[in-house]
Structure formats: C-alpha cells, structure tokens
Amino acid sequence: MLGSCEARQKQAAESESLIHLKYDQQLSTSYPEVIANYQKLDSAWPEAQLLEAGLTDCGKPLHLFVISSDRQFDPMQIRKSGKRIVMINNGIHSGEPEGIEAGMLIADDILRNHDGMRKLLENTVVCIIPVYSVGGLLYQNRWHRTNQPEPLNPGYRGNAKNLDLNRDFVKLDTENARSFARLFRQWDPDIFLDTHTTNGSDHQYVITYLPAQHNSMPEKVGNYFSETMIPALYEKMRSTPYEMIPYAEYTNDSPEQGIENYVQTPRFSTGYTLLFHTFTQMIENHCYKPYVDRVKSIYLFIHKLIEFTEENGSRISEVRAESKEQVKSQKVYALDYLVDTTRYQMIEFKGFGRGTDKSPLTGEDRPVYDYSKPFTMLVPFYDHYEPAKTVTAPDYYILPQAWSEVVERLEINGIIMERLPKDTILTVEVYYIENLVWSPRPSNGHNFHESFTTRKEVQPIPYYAGDYLIRVNQETNYFIVNMLEPEGADSYFRWNFFDPCLEDREWFSPHPVLEDRIYKYLTENPEARKKLDDAIAAHPEISKNRTAQMYFVYTQCGLANKWVGRYPVARLKL
C-alpha cells in the first residue's frame, strides 16, 4: 500500500505521459493494450478509477473510466455535489477506432494537467467507456472496413454476437446493451458523445458532427441544444485546425444539393439517450482522411465539449431539471417526424470536384473525386422537423405480466411500475394491429415491423394480481411512450416482442357439428342472423358456400377470440 501511494505521488510530481500510442504510425490499439493503459492511469492517479460495469457478449467486462477531481466515484454523490457528468462512448463499431485512441489521450492529458487541463474538472466529472464492442475489437483485421485505408488493423463492425450495437439500444439483445443501459441510467450523464467514422461523401473536412435532432428531444433540452450548445461547439472547433461540418446526410444525390440532420430513432445511441433529457451527439470522422488527423480532431472535440460543459454547467443542470419536471405532465408526444423543407440555413461547404479515371481492373471509366479541384460553396442545411404523427398519452399503460421480456427491459431502464394487488376487470382502450407487412429479411436479428396500421376499441378486459400499471407521470415519459405505443419508431412491438399476439391459437374446420352449433346460434341471435343475411346480399357468391358462411359468423359475429391482433399493452384513462 505504501509503495502504491509513493508511485502516485511520484507520477503527480513528474506529470509525464504514461501511455504511448501508435496512431501516428497508422496503427490502432488492441483491446488488451487499451485496458492496460487505463489500468496504468488508475494506478497512478487517485482522481481516476477504472470500473467494471457489467459484461459484454464475449464474456469480458464493460469498463467505465471515471475522472473526478475530488476523488468521488459514486454517481449519486457526484450529483449531490452539483457536478455535471460527461460520458464518452468509444468503439461501438470497433472498425472505427479513433475515439478509442482519443479517449486514452484526453484522460492522460487531463490527469497530468497538460496545458492546464485539470481546470476542466472543477465542476465536471468525465466518464469514458474505453471500448463498447469488446468482441469487435478483439477481432482486428486489415480487411475490415474495406474502403478505409487507415488504420492498418481495424476491429470488426459487429460484436461477439455479430450484432450491430448501434441498433440495439432498446431491444437489448446483447449483454453489451444491457450493461450500457444500466450504466447510463445509473450515471444519468448531462452530456453524451458517441464516436464514429463515416465513409460517406468525400470532402475537405476531417470531422463531421451529428447532434441529436433537436425537434425530437424534450422541448427545453432541444431548444437549449440548438440555440446555444451546438453553435458554441461549431465555433469552438473553428478555433482548431479541424473545422466541423454537419454529417452529410443527403437531401438528394450529393451534399452540394443540401444536407439534413435526420431524426435518430431510439435504436441508436443518440436516439436512445435523448429520451432521458441528455444532451446527446455523435462524431463521424472521415474515413478517407489520415488516421492521425482523425484522432487529433476527435481529441479536440472532446476537449471542447468538456470545456463547454465546465463553462455552462449551471445552465445545463437547470435546463435538464426543468425538462424532467415539464415532461412529467406532458400529454402529447410525437411518434414520427417529417423534415420541414421550407426552413433551412445556408452553410459553407468545402468539397472536391468530380471526374473519372480508368479502372485498373477493367479499364472502364470510374467516378472519382478530383482533389486538384477543391471548392467552397453555400448549401442548404435542413434541421427543422415537424411531427408527422402524434399521440395523447393515457394516464396509465397496463402491461400483463406474461410479457416478461418487456417487463425486464422496462426495469433495466428504471421505469417505475406498480403491480395490481388482485384480479380485476378494467375497461380500457386497446389497439388492433392491421395491414401488417412482415419484413422479408431480418434486421439485426429481428423482422422489424415497418408498415402497419392500428384500430382502437374500448373493451372490458380481465387483469390479474401482479400485472403491471405504468403511470405516465414520470421524467422518463418520452421513453415510456415511445416504447409502448406500437407506432413508436422503435417500439417494442416493431422489434417483435409482442408478435405472438398476431397469431391465432383457435380455428375451425367445417364439420357438421360446428355448422349445427352456428345454425343454433343464428336462430337464437337475430342480430347475427341479419348480419349474415346482409353479407349474403352483398356477396351472393357465398349463398351456397357453407364454409364461407361459417367463417363469416365465426369471425364477424363475436365468436372468434378477441385476442388475435390485439396489442397486449392497454391504455387506461381515469
């Protein structure tokens, strides 16, 4: 123990870098080396701790590296002290590793007070996830991310389960995502950054910026983000060698014709974290640029992001607190959005001309960027969206306990739920799923429901002791509504958690026994008899078709099970 203290004092006195990376040699760091570097920092600095925050699919832990100037590493106590929390997630796609390198560099520089960087910690705690897709980084190969010339040893896009972790934040099919959700909800960061690499259009920028689309965020958070934080970060990066441009999501065929900041739905890290009043964003470094510049640019962005948080911490906390309080009583929520093409701003875009050269394989002409022809022009940037579909939330959602996979995911995300104390019948509003088009191919292990319609009915339904009541008066209402309304962009229904409700477990064969029962039912129920007669009049072809008449009575006269197609989560209004 004495030796450990002496080592810490010696390191504090010398303030020398403990880590040595090879990004300037076009090499990214291996997983064992990454963890070893953070362990060195943990051992050397009492202001740092490397924590384990659950498992990943490959069996290795998800780590969180925390830098706290007052040596407090409990998130609840950090909150009580009034400090802000910045969380940085690296290596969600391990073939995009520059954030992994930048995370180690920024941690080392802050701790050793390089250029006075310790001042960034006066009112801010920095949390770094060294590698999110551990299984992906363990599988390094120069032919991963094939159109990326550097680094020479990128990791794999999938995780150990061969799933894309940036599509798993709500369905939680991976241990990685489950560990992250628990970690994120425990720490409740004010600021969240996810680091990525893009292989989109070629242009003069090393770094592109993809903040969460502000109209899809809780209103108070979205307003402060778009009016204050985002402009400030662009301005701060203009003071560095790495000016930013919005991530080039085209409105047409090229960024010259316009760029959109699209709505990121909850399957993505940014779409998930914004549901909890966090100022959330993503960096997309340009894969065609030198790896050394990509690492440096994201290092500088992280520096500026922490700097902004330190400078504006009080207001950030106020906005989040106001937002959480406002959402508790919010009634109307947007489930889908459309870009407003009438609202845009003209921004400067620095691109390259285009041309052709000869394919070395076939000799045919191929399209290329002409780097000898740089240009600067103004292009429209679209960053305003209007709700395309809204819903008025009920007072409660009711979730039968049978749907345990959904219950588990709500619990992981800290949703407050009550349980019915006894069996009861409640009159509730329910949805029926109609016109569903099944996805022809799987998406990240699921057949995502892209297209369907819903129909509402009010019905008395029996519920049982232990079923769940979810009151819509929580600061997590954005998450609750988006997950439990079937038409939410990434709802649990869309990701197949309720698919058994679409299947019929009871049916009939046109046996005389059933025909006699239906005939008796028609004689005892004149309204059903008239309904069948009207159907025969409208469709004479069924007048001599006993099976068709039996099918009609069974399905249209209330004999068939009302469960089929009925979405299991009901809405209760008091």
* To do: Considering non-hydrogen atoms only, spot the tightest contact between Asn482 and Ala334 and give its length.
  => OD1-O, 4.3 Å
* To do: Over all heavy atoms of both residues, which pair between Asn444 and Leu163 is shortest? Give the atoms and the distance, please.
  => O-CD2, 3.5 Å
Side-chain H-bond candidate by donor/acceptor type, [X] with [Y], under 3.5 Å:
{"X": "Asn477", "Y": "Tyr333", "answer": "yes"}
{"X": "Asn285", "Y": "Thr197", "answer": "no"}
{"X": "Asp499", "Y": "His449", "answer": "yes"}
{"X": "Gln213", "Y": "Asp383", "answer": "yes"}
{"X": "Tyr385", "Y": "Glu260", "answer": "yes"}
{"X": "Gln281", "Y": "Tyr209", "answer": "yes"}
{"X": "Asp202", "Y": "His286", "answer": "yes"}

I want to check something: taking the side chain as every heavy atom from C-beta on, are [X] and [Y] in contact at a cut-off of under 4.5 Å?
{"X": "Asn90", "Y": "Ile88", "answer": "yes"}
{"X": "Val170", "Y": "Pro266", "answer": "yes"}
{"X": "Leu469", "Y": "Leu420", "answer": "yes"}
{"X": "Pro189", "Y": "Phe184", "answer": "yes"}
{"X": "Phe169", "Y": "Phe268", "answer": "no"}
{"X": "Arg571", "Y": "Val391", "answer": "yes"}
{"X": "Lys331", "Y": "Asp395", "answer": "yes"}
{"X": "Phe479", "Y": "Ile415", "answer": "yes"}

* Applying side-chain contact (heavy atoms from CB on, under 4.5 Å), run through Tyr382 and Arg343 and close with a yes or a no. => CA-CA 7 Å; Tyr382 301 92; Arg343 299 182 66 184; over 6 Å; no
Is [Y] paired with [X] through a side-chain N to carboxylate O contact shorter than 4.0 Å?
{"X": "Arg167", "Y": "Asp173", "answer": "no"}
{"X": "Lys531", "Y": "Asp534", "answer": "no"}
{"X": "Glu487", "Y": "Arg494", "answer": "no"}
{"X": "Arg529", "Y": "Glu527", "answer": "no"}
{"X": "Arg267", "Y": "Asp490", "answer": "yes"}
{"X": "Lys171", "Y": "Glu405", "answer": "no"}
{"X": "Arg320", "Y": "Asp188", "answer": "yes"}
{"X": "Glu418", "Y": "Arg471", "answer": "no"}

Measure from the side-chain N and O atoms of [X] to the backbone N and O of [Y], and report whether any donor-acceptor pair falls under 3.5 Å.
{"X": "Gln264", "Y": "Tyr262", "value": "yes"}
{"X": "Ser94", "Y": "Gly155", "value": "no"}
{"X": "Gln549", "Y": "Ser543", "value": "yes"}
{"X": "Glu284", "Y": "Thr198", "value": "yes"}
{"X": "Asp194", "Y": "Ser269", "value": "no"}
{"X": "Asn435", "Y": "Phe452", "value": "no"}
{"X": "Asn413", "Y": "Arg409", "value": "yes"}
{"X": "Asn545", "Y": "Ala548", "value": "yes"}
{"X": "Ser323", "Y": "Val319", "value": "no"}
{"X": "Ser439", "Y": "Pro442", "value": "no"}

* Stepwise salt bridge (Lys or Arg N to Asp or Glu O under 4.0 Å) check, Glu457 with Arg566 -> CA-CA 10 Å; Glu457 285 190 16; Arg566 188 175 71 193; over 6 Å; no
* To do: Could you walk me through whether Glu485 and Tyr431 pass side chain to side chain donor-acceptor pair (under 3.5 Å), step by step?
  => CA-CA 9 Å; Glu485 286 291 331; Tyr431 292 107; 2.5 Å; yes
Rounded distance [0.5 Å steps], [atom1] in [X] versus [atom2] in [Y]:
{"X": "Tyr396", "Y": "Leu426", "atom1": "OH", "atom2": "CG", "answer": "11.0 Å"}
{"X": "Phe192", "Y": "Cys127", "atom1": "CZ", "atom2": "SG", "answer": "11.5 Å"}
{"X": "Thr280", "Y": "Leu275", "atom1": "OG1", "atom2": "CG", "answer": "9.5 Å"}
{"X": "Glu219", "Y": "His214", "atom1": "CD", "atom2": "NE2", "answer": "12.0 Å"}
{"X": "Met483", "Y": "Phe497", "atom1": "CE", "atom2": "CZ", "answer": "10.0 Å"}
{"X": "Arg546", "Y": "Leu514", "atom1": "CZ", "atom2": "CG", "answer": "9.0 Å"}

* For the residue pair His277 and Tyr478, categorise the inter-ring angle as parallel (less than 30°), tilted (30 to 60°) or perpendicular (more than 60°). => perpendicular
* If the plane angle is over 60° it's perpendicular, under 30° parallel, otherwise tilted; pick one for Tyr156 and Tyr139. => tilted
* **Residues which pass side-chain contact (heavy atoms from CB on, under 4.5 Å) with Pro400, listed by chain and number, not counting sequence neighbours** => Trp403, Tyr463, Asp467
* **side-chain contact (heavy atoms from CB on, under 4.5 Å) between Ile129 and Leu183, worked out** => CA-CA 10 Å; Ile129 297 175; Leu183 171 72; 3.8 Å; yes
* To do: Any chance you could lay out the salt bridge (Lys or Arg N to Asp or Glu O under 4.0 Å) test for Asp190 and Arg79, step after step, and finish with the verdict?
  => CA-CA 10 Å; Asp190 301 279; Arg79 287 255 163 249; 3.4 Å; yes
Show me the donor-acceptor pairs, under 3.5 Å and distance only, between side chains in residues 55-64 and residues at least two apart or in other chains.
unit_1 : atom_1 : unit_2 : atom_2 : d
Thr56  : OG1    : Lys60  : O      : 2.7
Asp57  : OD1    : Glu175 : N      : 2.7
Asp57  : OD2    : Asn159 : ND2    : 2.8

* To do: In sequence, state the C-alpha distance, the side-chain angles, and the governing distance for Tyr567 and Val430, and then conclude on side-chain contact (heavy atoms from CB on, under 4.5 Å).
  => CA-CA 7 Å; Tyr567 177 59; Val430 294; over 6 Å; no
* Evaluate whether atom CZ of Arg142 has more than 12 neighbouring non-hydrogen atoms of other residues, nucleotides or ligands under 6.0 angstrom away. => no
* Asked: Do other residues, nucleotides or ligands put more than 12 heavy atoms under 6.0 Å from Gln186 CD?
  -> yes
* Using the six-membered ring of Tyr432, assess whether NZ or CZ of Arg455 lies under 6.0 Å from its centre and within 45 degrees of the ring axis. => yes
* Can His93 and Leu165 be said to form a side-chain contact (heavy atoms from CB on, under 4.5 Å), step by step? -> CA-CA 7 Å; His93 298 142; Leu165 290 174; 5.7 Å; no
